[in-house]
Amino acid sequence: MIRLFTGIELPENIKEQLYSLRGGVPNAKWTEKDHMHITLRFIGNIDENIANDLHDGFTQIHAPAFDLQMAQVGFFANGLQMRHLWAGVNNYQALDFLYDKIESVVSRQKLPANKHKFHAHCTLAKLYGTSVEDVHKFLEYNNLFRSEYFHIDHFTLFSSHPRTDGDGSYYRVEAQYPLFGYWS
């Protein structure tokens, strides 16, 4: 079994800009800089043979390259229970198109459908008992956030592995899939 997800790797300068947003939120566990990415499709724990079939399907995806900017900050919540802080994107149409292509490959393998509607973002922090007021202060302070533009010319298949010290996971790049042409 292997735990997989597809995503967009972020350039180091973009990670630095996102990393600079850390702080000022009680009970937040901030994302490590080397974990910052945009998840396209969480696949989960699957058999190696299915992983190979997914890889073959991903190599057949034809989607255009595009430019992207991290823009705005927001949160996910369950009622009044704050769950995550995130940074969104400005060119979500290109990511939605790529997500649909990936989802098509995943569904052909008869894997469960994604439980959540796709919302392109980079997770900044997980929240544990953070108040609504503290989240709103963070949003108010960072509401004009915009990263530099950066070019996306591939998407990545990552594997996730538990750390030996039990403190979270680490990610490994399993494959990269080129994007061709240019999004207009």
Side-chain angles (χ1 to χ4, degrees), residues 1-46 68-92 94-96 98-99 102-103 106 111-150 152 155-174:
M1 296 291 269
I2 186 167
R3 187 176 183 85
L4 296 175
F5 66 94
T6 59
I8 299 292
E9 297 173 272
L10 298 175
E12 202 58 38
N13 64 318
I14 301 303
K15 289 180 183 180
E16 287 289 340
Q17 291 175 35
L18 293 168
Y19 200 71
S20 72
L21 298 174
R22 294 168 62 101
V25 181
N27 304 313
K29 182 173 187 213
W30 296 94
T31 303
E32 297 172 33
K33 194 170 11 173
D34 64 337
H35 277 199
M36 290 182 168
H37 63 276
I38 297 170
T39 299
L40 291 169
R41 174 58 155 90
F42 178 74
I43 299 166
N45 294 317
I46 60 170
L68 195 60
Q69 179 187 43
M70 303 305 296
Q72 84 183 51
V73 292
F75 66 93
F76 293 128
N78 185 1
L80 293 177
Q81 178 109 22
M82 302 290 103
R83 296 286 186 199
H84 296 91
L85 294 174
W86 50 258
V89 301
N90 72 336
N91 189 358
Y92 64 88
L95 285 170
D96 286 350
L98 182 55
Y99 168 82
I102 291 168
E103 187 63 28
V106 171
L111 294 172
N114 200 352
K115 292 188 268 185
H116 304 287
K117 182 179 179 337
F118 177 64
H119 178 267
H121 69 280
C122 173
T123 299
L124 299 174
K126 292 182 180 176
L127 305 175
Y128 300 95
T130 304
S131 73
V132 173
E133 293 79 18
D134 286 328
V135 168
H136 284 288
K137 285 179 193 172
F138 175 83
L139 299 180
E140 199 173 293
Y141 185 77
N142 294 291
N143 70 344
L144 298 179
F145 172 76
R146 301 289 182 273
S147 77
E148 297 169 16
Y149 276 90
F150 54 103
I152 305 298
F155 71 96
T156 302
L157 180 64
F158 294 94
S159 58
S160 175
H161 306 272
R163 290 191 174 146
T164 55
D165 64 5
D167 186 25
S169 301
Y170 67 92
Y171 306 143
R172 183 170 56 221
V173 171
E174 296 294 333

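We count residues from 1, following the sequence as given. Computed from a predicted model, the values in this text were never measured in an experiment. Side-chain atoms are counted along with the backbone in the values below, which use heavy atoms only and exclude waters and symmetry mates.
In terms of heavy atoms, Ala28 sits closest to Thr130 at N-OG1, 4.2 Å. Summarising the geometry of Pro112 relative to Arg41, their closest heavy-atom pair is O-NH2, 2.8 Å, with the distance given to 0.1 Å. Residue Asn143 comes nearest to Glu140 through the heavy atom pair OD1-O, 3.4 Å, listed as atom of the first residue, atom of the second, then distance. Among all heavy-atom pairs drawn from Trp30 and Leu21, the shortest one is CH2-O, 4.0 Å. Listed here is the closest heavy atom pair of Phe138 and Leu124: CZ-CD1, 4.2 Å.
Using bins of under 30°, 30° to 60° and over 60° for the plane-to-plane angle, the ring pair His136/Phe75 lands in the perpendicular bin. Using cut-offs of 30° and 60° for the angle between ring planes, the Phe76 and Trp86 rings count as tilted.
No more than 12 heavy-atom neighbours from other residues, nucleotides or ligands sit within 6.0 angstrom of OH on Tyr92. Counting heavy-atom neighbours within 6.0 Å of Phe150 CZ, excluding the residue itself, gives a total above 12. Within a 6.0 Å sphere centred on NZ of Lys137, heavy atoms belonging to other residues, nucleotides or ligands number 12 at most.
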Under the side chain to side chain contact (heavy atoms under 4.5 Å, CB included) criterion, do Ile152 and Asn91 qualify, and how do the steps go?
CA-CA 11 Å; Ile152 305 298; Asn91 189 358; over 6 Å; no
Verify side chain to side chain contact (heavy atoms under 4.5 Å, CB included) between Ile46 and Ile2, making sure each step is shown before the conclusion.
CA-CA 5 Å; Ile46 60 170; Ile2 186 167; 4.2 Å; yes
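For Thr156, the side chain to side chain contact (heavy atoms under 4.5 Å, CB included) test picks out Glu9, His154, Phe158, Val173, Gln176, with sequence neighbours left out.
In this structure the side chain of Arg83 reaches within 4.5 angstrom of the side chain of Gln81, judged on heavy atoms. Counting heavy atoms from C-beta outward, Val73 and Leu85 have side chains that stay 4.5 Å or more apart.
Formation of a donor-acceptor pair under 3.5 Å by the Arg22 side chain with backbone atoms of Thr31 is found in this model. Asn90 contributes a side-chain N or O that, together with a main-chain N or O of Gln69, makes up a donor-acceptor pair within less than 3.5 Å. No donor-acceptor pair closer than 3.5 Å links the side chain of Ser147 to the backbone N or O of Ile14. Side-chain atoms of Gln17 come within 3.5 Å of backbone N or O of Glu148 as a donor-acceptor pair.
Shown are Asn114, Thr6, Thr39; of these, the side chain to side chain donor-acceptor pair (under 3.5 Å) with Tyr99 is made only by Asn114. Cys122 pairs with exactly one of His37, His35, Lys15, Met70 by the side-chain contact (heavy atoms from CB on, under 4.5 Å) rule, that one being Met70.
Judged by distance alone, the side chains of Asp34 and Tyr170 never bring a donor and an acceptor atom under 3.5 Å apart.
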